[in-house]
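Presented below is the structure to which this report refers.
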Number of protein chains: 2
Amino acid sequence: MNTAPASVPEPAPAPDGAHRWLTDEEQRVWRSYLHATTLLEDHLDRQLQRDAGMPHIYYGLLVQLAEAPRRRLRMTELAMNAKITRSRLSHAIARLEKSGWVRREDCPSDRRGQFTVLTEEGYGVLRETAPGHVHAVRQALFERLSPEQQKSLGEIMQIVAEGLQPDEAGADLPWLR
Amino acid sequence: MNTAPASVPEPAPAPDGAHRWLTDEEQRVWRSYLHATTLLEDHLDRQLQRDAGMPHIYYGLLVQLAEAPRRRLRMTELAMNAKITRSRLSHAIARLEKSGWVRREDCPSDRRGQFTVLTEEGYGVLRETAPGHVHAVRQALFERLSPEQQKSLGEIMQIVAEGLQPDEAGADLPWLR
DNA sequence: GCCTGCTTCTTGAAACTTGAACAATCCGGG
DNA sequence: CCCGGATTGTTCAAGTTTCAAGAAGCAGGC
């Protein structure tokens, strides 16, 4: 959960600055980050498990489907949107299908492909539970931050995501890099 | 993963402001947040699984132990520090013990209690893998943010954590509230 | 047509997490 | 002393995630 603490022996200060520990201030920021993100994720997971009977990530899958044209997506696309592996998605969809919130359909143009379709029932669950979830997010996050902080948070998270992403934008334009 | 999307029917605008959707801007911030935190956690988990043979959370447990006096902590205290349940900790410690990085010791003053002690071997693993982990954190986060952004992130996460915590500071001083 | 390599999705086993239930112990009051 | 309630840590079962492997279909070159 944390980076190397003070009590872990410091590595020899590398000439080039590699292997540099975090400063005290960085350490504080990092621990706050871990602390807050852990608590928030736990909080939302419990909220949704209680009110919707599924973990946060599964809820996110239903949301993605609800937003998609004809409320359906190919497995691979859904997996990419949700930033999870296809394998994980397969298991998740199997579970959601068992709950009746989702249904599979063959893709006519590619016989390997599968669509996942949000059922009426799944849509209903979303409609019923979305307000509570939004409320939880609002209460835990937005109500506590000033407009400037919200803006700043957005920018920061944007930057971090871009740095970690396997190059989403321009991934199909490799010659630009 | 996401809050209610545009395509989920809006709840009747409650007079008191309950059940309010997120604004477009809030929505953007929230999705950036989810996106970034997911990617970062995945990134660090893989990094540590690869280089240290354990998930991020387990690494955090070792760090906590390394920082503690005599490199040992009671189960409950460790669980609270790491923000996980006692149950989860029990499993985790069992695994770390099997790996030889940690060892249990009875608490002399409370026969229900257990100490978890970081072994020399566990300490060694930490010493070897900490630099790589710090590097990953630095690279994914601090190198990409301006000093102002780092400061801002710290403040924001502090606020969020405080809002969610079962009242850590002052929990034993209830008369102050 | 028929390889070869790639993509799509699924599967199975092992690892990890969750929540409830539990035994053992502590602690304060009567 | 003894009881009831609280705390400590573990365990079980069910659910979720990961990783490696694999079946099936596509697509291009020959």
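When reading the values below, keep in mind they use all heavy atoms of this one structure, side chains included, and skip hydrogens, waters and symmetry mates. Chain letters run A, B, ... following the sequence lines, proteins first, then strands; residues in each count from 1.
- Take the nearest nucleotide of DNA chain D for B:Phe115 and for A:Gly53: the residue whose nucleotide is more 5' is B:Phe115.
- The separation between A:Asp42 atom CG and C:dT17 atom P is 11 Å, rounded to whole Å.
- Geometrically, A:Arg95 does not engage A:Tyr58 in a cation-pi contact defined by less than 6.0 Å to the ring centre and at most 45° from the axis.
- Between A:Pro55 and A:Pro108, the residue anchored nearer the 5' end of DNA chain D, judged by the nucleotide with its closest heavy atom, is A:Pro55.
- Put simply, the side chain of A:Ser87 and the base of D:dC19 share a donor and an acceptor less than 3.5 Å apart.
- Residue B:Arg104 is in sugar-phosphate contact alone, with no base atom involved, counting any heavy-atom pair closer than 4.0 Å across all strands shown.
- To the nearest angstrom, C1' of C:dT17 lies 11 Å from CZ of A:Arg46.
- An OP1 or OP2 oxygen of C:dT7 is reached within less than 4.0 angstrom by no side-chain nitrogen or oxygen of A:Arg74.
- Counting only N and O atoms by type, the side chains of B:Ser152 and A:Ser152 include a donor and acceptor under 3.5 Å apart.
- A:Met54 is listed as a side-chain neighbour of A:Val125, based on a closest heavy-atom distance under 4.5 Å.
- Between A:Gln49 and the phosphate of C:dT18, there is no side-chain N or O to OP1/OP2 separation shorter than 4.0 Å.
- Residue contacts for B:Thr85: at a heavy-atom cut-off of 4.0 Å it reaches no nucleic acid atom on any strand shown.
- Between the side chain of B:His91 and the base of D:dC12, at least one donor-acceptor pair of N or O atoms lies under 3.5 Å.
- At a cut-off of 3.5 angstrom, the base of C:dT7 holds at least one donor-acceptor pair with the side chain of A:Arg112.
- A donor and an acceptor atom never sit less than 3.5 Å apart when one is taken from the side chain of B:Thr76 and the other from the base of D:dT7.
- Side-chain atoms of A:Asp51 and A:Gln47 include a donor-acceptor pair closer than 3.5 Å.
- Criterion: ILVMFWY side-chain heavy atoms under 4.5 Å apart, direct or through other members. Under it, B:Val63 and B:Val117 are not part of a common hydrophobic cluster.
- Side-chain N/O atoms of A:Arg95 include none lying less than 4.0 angstrom from OP1 or OP2 on D:dG15.
- Across all strands shown, B:Arg86 has heavy atoms under 4.0 Å from base atoms, whether or not it also approaches the sugar-phosphate.
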